[in-house]
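Sequential numbering from 1 along the given sequence is applied to the chain's residues. Please read these numbers as outputs of a predicted model, since none were measured by experiment.
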Amino acid sequence: MGFGRPPGDSNAARAEHLAASFGPSLRLVGDALGCPLDSIEAHGSVATARATTRIAAGTIEQGTDLPHIVTTLA
């Protein structure tokens with residue numbers, strides 16, 4: 001997931017993979033609602049921890065990566 005790593009750029013390949021993985025399901029939902037989708041786009045961004053935080057898996061230091069955020073537009 002990338003927790004606690006030094007900050008880095010958003011991974012475009014990950015966003016593309018998620019669009020390809022979830023795209024068919026999103027299209028089925030659109031079709032079922034009578035609103036077919038013209039296209040599906042995914043964009044990624046990176047967030048960093050505002051404070052050092054302990055979680056079950058360990059400690060996430062302030063300023064390190066949190067999970068990558070992917071927004072899918074349909």
Exercise for the section: Find the distance between CD1 (I40) and CG (L18) and round it off to the nearest 0.5 Å. Expected result: 12.0 Å
Practice task
Write down the atom of D65, the atom of I60, and the distance for their closest heavy-atom approach.
Solution key: O-CG2, 4.3 Å
Completion exercise
Heavy-atom closest pair (A15 atom, G44 atom, distance to 0.1 Å) is CB-N, 4.1 Å
Problem - Least distance between heavy atoms, E61 atom then T64 atom - result: O-OG1, 2.6 Å
Exercise for the section: Can you measure from OG1 (T52) to CD (Q62) and round to the nearest 0.5 angstrom? Expected result: 5.5 Å
Practice task
Give a yes or no on whether the backbone of L37 and the side-chain of S39 come within a donor-acceptor separation of less than 3.5 Å.
Solution key: no
